[in-house]
Amino acid sequence: QSALTQPASVSGSPGQSITISCTGSSSDVGTYKFVSWYQQHPGKAPKLMIYEVSKRPSGVSDRFSGSKSGSTASLTISGLQAEDEADYYCCSYANSITFVFGGGTKLTVL
Amino acid sequence: QVQLQESGPGLVKPSQTLSLTCIVSSGSISSGDYYWSWIRQPPGKGLEWLGYIHSSGSTYYNPSLKSRVTISLDTSKNLFSLNLSSVTAADTAIYYCARDRSGYGHLDYWGQGTLVTVSS
């Protein structure tokens, strides 16, 4: 199972919106509605930000939103804040009960 | 509030078996419809799902590691364990335990992670 494809880095200024893409295949993102997104600050464990493509866990800011079109999922962060600077990983359920992660995207807040 | 804490050796020799445990506080691991998961992250790299065990004891593993991975529950101690056999330097990573709320990648609680280095 190949890793999902994410851009290595994205950047934006405070207050702006950014979108991180996550491209898979018909074996994962393209077939299943089980895409999740995780935020990871340096030296910390990942934190769930989005599950089942677009659902937000309790306590996660509504500035974070998720969507999917075909085999590409996306995470959008609006009203960018300094604290959003982190690595972001997508994850998808895949055939044969397994999960595949993206390579991660480093978000820089300028 | 659910808390998870990994523990185990920080150094393992090549060809040996890596063994880690994850103690779960608050709630019984054998109740509820949860999947107790292991994920790893090589230093400076991305995440890899290793497998999970349902609260009923059913196990599911990453096909790329299936022959080397075993996950088990110890309900008497409220913990679950990871065994990874025949390790090499490529297995050097931070190992995280986590709870999957649905079995579909809804990893809502994570341990802090533990670094395991494979070296002679």
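These numbers come from the heavy atoms of this one structure, side chains and all, not from hydrogens, waters or symmetry mates. Here is the naming used below: chain letters follow the sequence lines, and residue numbers restart at 1 for every chain.
Between the CD atom in Gln40(A) and the OH atom in Tyr96(B) there is a gap of 4.5 Å [rounded to 0.5 Å]. Taking CZ of Phe99(A) as the reference point, atom OG of Ser37(B) lies at 7.0 Å (rounded to 0.5 Å).
Residue Ile39(B) touches chain A through its side chain alone, counting heavy-atom pairs closer than 4.5 Å. Of the two parts of Tyr104(B), the backbone and the side chain both hold a non-hydrogen atom closer than 4.5 Å to a non-hydrogen atom of chain A. Contact annotation for Tyr51(A): only side-chain heavy atoms (C-beta onward) come within less than 4.5 Å of a heavy atom of chain B. Heavy-atom distances place the side chain of Tyr38(A), and not its backbone, under 4.5 Å from chain B. In this structure, chain A has a heavy atom under 4.5 Å from the side chain of Gln41(B), while its backbone stays farther away. With a threshold of 4.5 angstrom between heavy atoms, Tyr52(B) approaches chain A through side-chain atoms but not through N, CA, C or O.
By the 4.5 Å heavy-atom criterion applied to side chains, Thr98(A) and Trp49(B) are counted as neighbours. By the 4.5 Å heavy-atom criterion applied to side chains, Leu48(A) and Leu107(B) are not counted as neighbours. For the pair Cys91(A)/Leu47(B), no side-chain contact is recorded, criterion being any heavy-atom separation below 4.5 Å from C-beta on.
Under the 3.5 Å distance criterion, the side-chain polar atoms of Ser36(A) are matched with a main-chain donor or acceptor of Gly105(B).
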### Query
Between Lys55(A) and His106(B), does a side-chain contact (heavy atoms from CB on, under 4.5 Å) hold up when you go through it step by step?
CA-CA 10 Å; Lys55(A) 297 179 181 179; His106(B) 186 162; over 6 Å; no

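Here the closest non-hydrogen pair linking Gly111(B) and Ala45(A) is O-CB, 3.3 Å.
Tyr61(B) and Tyr35(B) are not part of a single hydrophobic cluster, where members link through side-chain heavy atoms under 4.5 Å apart. Hydrophobic clustering (side-chain heavy atoms under 4.5 Å, transitive across Ile, Leu, Val, Met, Phe, Trp, Tyr) keeps Leu79(B) apart from Trp36(B). With hydrophobic clusters built from ILVMFWY side chains whose heavy atoms lie under 4.5 angstrom apart, Ile29(B) shares a cluster with Leu20(B). Hydrophobic clustering (ILVMFWY, side-chain heavy atoms < 4.5 Å, transitive): Ile94(B) and Leu18(B) are in distinct clusters. Residues Val109(A) and Leu75(A) are members of one and the same hydrophobic cluster, defined by side-chain heavy-atom contacts under 4.5 angstrom among Ile, Leu, Val, Met, Phe, Trp and Tyr.
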